[in-house]
Participant: 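Pasting in a structure now, in structure tokens, and then I'll have a few things to ask.
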Amino acid sequence: MPTITLPDGSQRPYPAPLSGAELAASIGSGLAKAALAIKIDGKVKDLATIIDHDAKVEIVTRTHPDALDLLRHDAAHVMAEAVQELYPGTQITFGPATETGFYYDFHREEPFTPEDFAKIEKRMAEIVDRNETITREIWTRDQAVDYFKSAGETFKAEWIKEIPADEEISIYRQGKWLDLCTGPHLPSTSKLGKAFKVMKLSGAYWRGDANNPQLQRIYGTAWADEKQLKNYLTQLEEAEKRDHRRLGREMDLFHQQEEAAGAVFWHPKGWTFYRTLENYIRRRLNDAGYVEVKTPQIMDRSLWERSGHWEKFHENMFIVQDDENHVLAVKPMNCPGHVQIFRQGLTSYRDLPLRMAEFGSCHRNEPSGALHGIMRVRAFTQDDAHIFCTEDQIVTETKAFCDLLRSVYRDFGFEDVRVKFSDRPEKRAGSDETWDKAEAALKGATTAAGLEFTLNPGEGAFYGPKLEFVLRDTIGRDWQCGTLQVDFVLPERLDASYVGEDGAKHRPVMLHRAIFGSLERFIGILIEHYAGKFPLWLAPLQVVVCSIVTDASPYAEKVAAALRAAGLKTELDLRNEKIAYKVREHSLAKVPVIIAVGKRDEEGGTVAIRRLGSNDQTVLPLAEAVETLGAEATSPLDRRE
RNA sequence: GCCGGCUUAGCUCAGUGGUAGAGCAACCGCCUUGUAAGCGGUAGGUCGCGAGUUCAAAUCCCGCAGCCGGCACCA
């Protein structure tokens, strides 16, 4: 005798247990038709699920927040069925829903190619039209293993053996096709609809391990209706337009070339931007009580051996050998160098915390497949610093860092910042006691800083646990930039010590921390975040002054000089071209302010200002324009006061 | 590093075995112009690199590199 509570709060008693489909039908025939699944006490289940107890139940239709996951998971199954029909001998493995769609990993000797996509999509549409009923069955373990083995599905068979004994083996059948799956699923393939598209192809390792065989992953996207699909595809195009590699070229910021794979050639405008960023953070660090240092690019192997980097990372380090057979390494990080500075002379507890910063130019020999524009490079610069402090100071230093970081991110328009806490990895240095201490300290400090975090188990650095700061850009993508890592290991290994109040030697704790992470990557993120349309204070070129007629050239020069005197990065365009031509060109180059001057302006002492993204102009007296733009170009550093 | 794709002029791209093409950009003229492309002309390429097949290779085969999309990695 279940009593069912619906989302509107109404309660319905039923004389006997009933399925989700029956429930939907009892509420209305329209709902029965639209129903895809039910959500019982917060869990999405098949429509065929029998409700035999009092429960809160929602009918999941296409517009329900949980519908997309369901549709996408079904799209994965429908695609797998299509692929197995089209390419006999292909083995199925896993196929989950993703944030924007789904994928399915297949094993097949012959590679799929993008030419297969249309064929697969067509067959998927046919399977939708066939309206195959989807049913759930519970099999015994042996039955399932036997079945998949005899069907030649070795991956599935292997997987079943590893499912914990107390879990049900559920099989979903649609038409002649079936898959091992926990579900839930739609009642039939027609409910999927046709708002899906097979998108791309890639390799993926069986169970995510590079030692395992490689599978072929086919990705697709799926939506509740055609409009959503179209909308998503448009969004992809928009994201492509703000690709930093494309904008970097169009805005003449930087280039890369194959003789220096994984490195950046900064052009004048790009380097101006870089320096703006560097100077900004330099001042923020200075204000926060950091000192800046510079340590050697190349240091002897022995130092890297002592620090522990050699053992763990030497394959990813650039190694050099000199004439006298010394083996050296180009620095992949700055911490060992900073410890060397710390070790010079005696340090008192009164000197702590010592916050040592460096714009450290590092090289890491990243795997070729990892490189990506200026976001993932082999030569990069960190806004790195190490805070040498006592254990007691971890909490206040962590809190101060978190505050600084959030304030910096806000200056770049990033309001939404999340924190991940990564604890001890399998391969690590230091004793379990040390790790207990480090993890407890960092957790305590994070909580004290008023931050919420999600746990990222086993993802810590080899020397200590870490916080990772993830920011969200204007188009909703997440980027991990900042980090703070507690390290009890390196001071020990490199023998850093300070003299305590008690006159005895103690080990300092090191906090490794960065806000941007890598300047190169952060610039890439900013380019995409702003789509190249930088706020005035960041723009590497702020104003272009264009003459409308040649006779106005002297006045244009005067205007440009006045802007430059006010500190604005200004260029002159005196070319013999129509003003519309110049406006178009500088707009495409994403110059934030275009000033056009002709005879009228010269006579009136005015300028016509056109802002990027606007089709209007504002005519202002020159002095007023200089003042307005000058104020707007002020760095947030000077606005703060 | 692994899987798949790609690489032709500065950029975007056409060209599937028979003398390398287009648009835009560049350069040179004309035009003196009021807010997103005025007009005309000129120049520009060892078709990523190397080796092979062929009378003949941008095109077919092999190797390598780089890039793109993922996977794995990310101190």
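Just so you know, these numbers use all the heavy atoms, side chains as well, and skip hydrogens, waters and symmetry mates.
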Participant: How far does the P atom of B:rG17 sit from the matching atom of B:rC13, given to the nearest Å?
Facilitator: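 Result for the P pair: 24 Å, nearest Å.
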Participant: Take atom P in B:rC47 and the same atom in B:rA58, then report the distance between them in whole Å.
Facilitator: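 Comparing P positions in B:rC47 and B:rA58 gives a spacing of 7 Å.
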Participant: Taking only the C1' atom of each, what is the distance from B:rA14 to B:rA51 in whole angstrom?
Facilitator: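 Result for the C1' pair: 29 Å, nearest Å.
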Participant: If you measure from the C1' atom in B:rA75 to the same atom in B:rG4, how many Å do you get, rounded?
Facilitator: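 Pairwise C1' distance, B:rA75 against B:rG4, rounds to 31 Å.
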Participant: First locate atom CZ of A:F380, then atom CD of A:E366, and finally report the distance between them rounded to the nearest 0.5 Å.
Facilitator: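 If we round to the nearest 0.5 Å, A:F380:CZ and A:E366:CD are 6.5 Å apart.
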Participant: Which of residues 376-385 of chain A sit near RNA chain B, with a heavy atom under 4.0 Å from it?
Facilitator: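 Correct list: A:R376.
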Participant: Counting the atoms with a prime plus P, OP1 and OP2 as sugar-phosphate, which does A:G208 contact under 4.0 Å by heavy atoms, base, sugar-phosphate, or nothing?
Facilitator: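 A:G208: backbone/sugar contact only, no base atoms under 4.0 Å.
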Participant: Can you tell me the distance, in whole Å, between the CG atom of A:L371 and the C1' atom of B:rG1?
Facilitator: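 Rounded to whole Å, this separation is 11 Å.
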Participant: Given the C1' atoms of B:rA72 and B:rU16, what is the spacing between them in whole Å?
Facilitator: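 Pairwise C1' distance, B:rA72 against B:rU16, rounds to 36 Å.
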Participant: For a quick check of understanding: with a heavy-atom distance under 4.0 Å over all strands, which category does A:D616 fall into, base, sugar-phosphate or nothing?
Facilitator: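 No contact.
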Participant: When the distance from CD1 of A:I594 to P of B:rA36 is rounded to whole Å, what number comes out?
Facilitator: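 A:I594 atom CD1 is separated from B:rA36 atom P by 9 Å.
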Participant: Base, sugar-phosphate, or nothing for A:R610, non-hydrogen atoms under 4.0 angstrom?
Facilitator: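 Base contact - A:R610 has a heavy atom under 4.0 Å of at least one base atom.
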Participant: Distance between the P atoms of B:rG21 and B:rA9, in whole angstroms?
Facilitator: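 Each nucleotide's P atom is 14 Å from the other's.
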Participant: With C1' as the reference atom in both, quote the distance from B:rA25 to B:rU42 in angstrom, rounded to an integer.
Facilitator: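 Per the computed distance, 14 Å lies between those C1' atoms.
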Participant: What is the nucleic acid contact for A:Y581, judged by heavy atoms within less than 4.0 Å: base, sugar-phosphate only, or nothing?
Facilitator: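 If one applies the 4.0 Å heavy-atom cut-off, A:Y581 turns out to touch the sugar-phosphate alone, with no base involved.
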Participant: Give A:R249 one of three labels, base, sugar-phosphate or nothing, depending on what nucleic acid heavy atoms sit under 4.0 Å from its own.
Facilitator: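 The residue A:R249 makes sugar-phosphate contact but no base contact.
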Participant: How would you label the contact of A:P111 with the nucleic acid (heavy atoms, under 4.0 Å): base, sugar-phosphate, or nothing?
Facilitator: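 Touches sugar-phosphate only.
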Participant: Mind checking the P distance from B:rU8 to B:rG48? Whole angstroms is fine.
Facilitator: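 About 6 Å, rounded to a whole number of Å.
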Participant: Which part of the nucleic acid does A:H586 contact within heavy-atom distance under 4.0 Å: base, sugar-phosphate only, or nothing?
Facilitator: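 Here A:H586 touches no strand at all.
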Participant: Check every strand shown and say whether A:G373 touches a base, only sugar-phosphate, or nothing at a heavy-atom separation below 4.0 Å.
Facilitator: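 Contact class for A:G373: sugar-phosphate only.
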